[in-house]
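Notes follow once the structure below has been shown.
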Amino acid sequence: MQVADTLGCDPNSELLHRIILLSGSGLSPWALQRDPIFVKRKVAEHTGCHGDLLKDDMAPCLRLIQLNRLLSVPVDPPRFLPGFAPFIDGTILVNPTAPPPATNSPTVATSAGYELADFPERDLLFTLTSTESYLDLSAQDLEFGFNETRRDRILRTYVRNSYYYHLNEIFSTLKNEYTDWERPVQNPLSVRDATLEVLSDGHTAAPLIRIGYLHALRGGKTFFLHFLHQSGERDFPQSLKYSIKMPLFQQRITYTKSGETGNPVKLDNSMGSNKMNLV
């Protein structure tokens, strides 16, 4: 989704008329590589394509490397951050073509991230599910939950890797705002749910809603979709798989029980039709 966001900001791209962002945007901490030189150094060490990391182009050398060797480069990014990802090079992501319009929230309108919504001439549909962070936890954590100590470790790691300043204040605020103080005793499942909410809001929902707000502020047509469907009691809503026709594909491969595919297939067709109507 960060690719669609960055391409939408390209003023020279005449092929794009509408943008659909599914559970992500260029403002998410996992969307853009903030330290591309680190990744370039790792690739150079693994492939032997050495040179000046700041000035030399490694592409001619990399084209001579076998694909399986390129795919085996160990980047090992910090948790919640990307490995191989787009980065801001000043070519695609340029300064806004016009100053921000007048608004009652000047800080939001002019702060970092405004350039990623600089495509008011293109319609935008951004989609969220209720839980955007289920891939951040293990299957065991999702099934049984965990205690507050583990929650604190997860949140501290997220804050440390996603922010630069006031880390203790941010951690304390998140812990306070996402704790259900009406419950005297927190059970493992409630702690799990609160942690999922923190991560969902932090790395996906808030940045994506911000893109939508800035796009609308600029005068663009902006649409919002909240995807709430769950395949089962222990499943989490996933809009992406219904957008790329996965349920229809799975129907022919794995679904065998009568009636199991009725609702997913209908929902899949409905999602596809709605998006095609926008396009």
Measure the spacing between [atom1] of [X] and [atom2] of [Y] and express it to the nearest 0.5 Å.
| X | Y | atom1 | atom2 | answer |
| --- | --- | --- | --- | --- |
| Y178 | T173 | OH | OG1 | 11.0 Å |
| N161 | R34 | CG | CZ | 8.0 Å |
| C49 | D56 | SG | CG | 11.0 Å |
| I19 | T222 | CD1 | OG1 | 12.0 Å |
| T127 | L208 | OG1 | CG | 8.0 Å |
| L32 | D35 | CG | CG | 13.0 Å |

- Message: Students often mix this up, so state it plainly: with edges at 30° and 60°, are the rings of H203 and Y158 parallel, tilted or perpendicular?
- Response: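 Ring orientation of H203 relative to Y158: perpendicular.
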- Message: Students often mix this up, so state it plainly: with edges at 30° and 60°, are the rings of H215 and F119 parallel, tilted or perpendicular?
- Response: tilted
- Query: Is there a chain of hydrophobic side chains (I, L, V, M, F, W, Y, each step under 4.5 Å between heavy atoms) that links Y134 to L137?
  - Reply: yes
- Message: Is there a path of hydrophobic side-chain contacts, each under 4.5 Å between heavy atoms of I/L/V/M/F/W/Y residues, joining L167 to L81?
- Response: no
Determine yes or no for a side-chain-to-main-chain donor-acceptor pair under 3.5 angstrom, with [X] supplying the side chain and [Y] the backbone.
| X | Y | value |
| --- | --- | --- |
| Q33 | P82 | yes |
| K40 | L53 | yes |
| W181 | N176 | yes |
| S200 | T131 | no |
| S28 | A31 | no |
| R69 | H46 | yes |

Quick one: closest heavy-atom pair of [X] and [Y], and the distance?
| X | Y | answer |
| --- | --- | --- |
| K42 | V75 | CE-O, 4.2 Å |
| V39 | G83 | CG2-O, 3.7 Å |
| R151 | K175 | NH2-CE, 3.1 Å |
| S130 | H226 | OG-NE2, 3.0 Å |
| S25 | L21 | CB-CD1, 4.2 Å |
| F171 | R156 | CE2-NH2, 3.3 Å |

Side chains of [X] and [Y]: closer than 4.5 Å at any heavy-atom pair?
| X | Y | result |
| --- | --- | --- |
| L54 | I37 | yes |
| I154 | R79 | yes |
| I209 | L128 | yes |
| L196 | L142 | yes |
| S172 | E169 | no |
| F80 | L199 | yes |
| L189 | R192 | yes |

- Neighbour count above 12 (heavy atom, 6.0 Å) for H50 NE2: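 Yes.
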- Message: Go through it in stages, so that I can follow the logic: the residues are E177 and D201, the test is side-chain contact (heavy atoms from CB on, under 4.5 Å), and I'd like the CA-CA distance, side-chain angles, deciding distance and then a yes or no.
- Response: CA-CA 12 Å; E177 294 297 327; D201 291 349; over 6 Å; no
- Item | Side-chain donor-acceptor contact under 3.5 Å, T129 with E132 | yes
- Query: Would R218 and D118 pass as an ion pair if we require N to O under 4.0 Å?
  - Reply: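 A salt bridge is present here (some side-chain N lies under 4.0 Å from a carboxylate O).
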- Query: Between R18 and D123, is the closest basic N to carboxylate O distance under 4.0 Å?
  - Reply: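 Yes.
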- Verify side-chain contact (heavy atoms from CB on, under 4.5 Å) between D180 and D193, making sure each step is shown before the conclusion. CA-CA 11 Å; D180 187 356; D193 293 342; over 6 Å; no
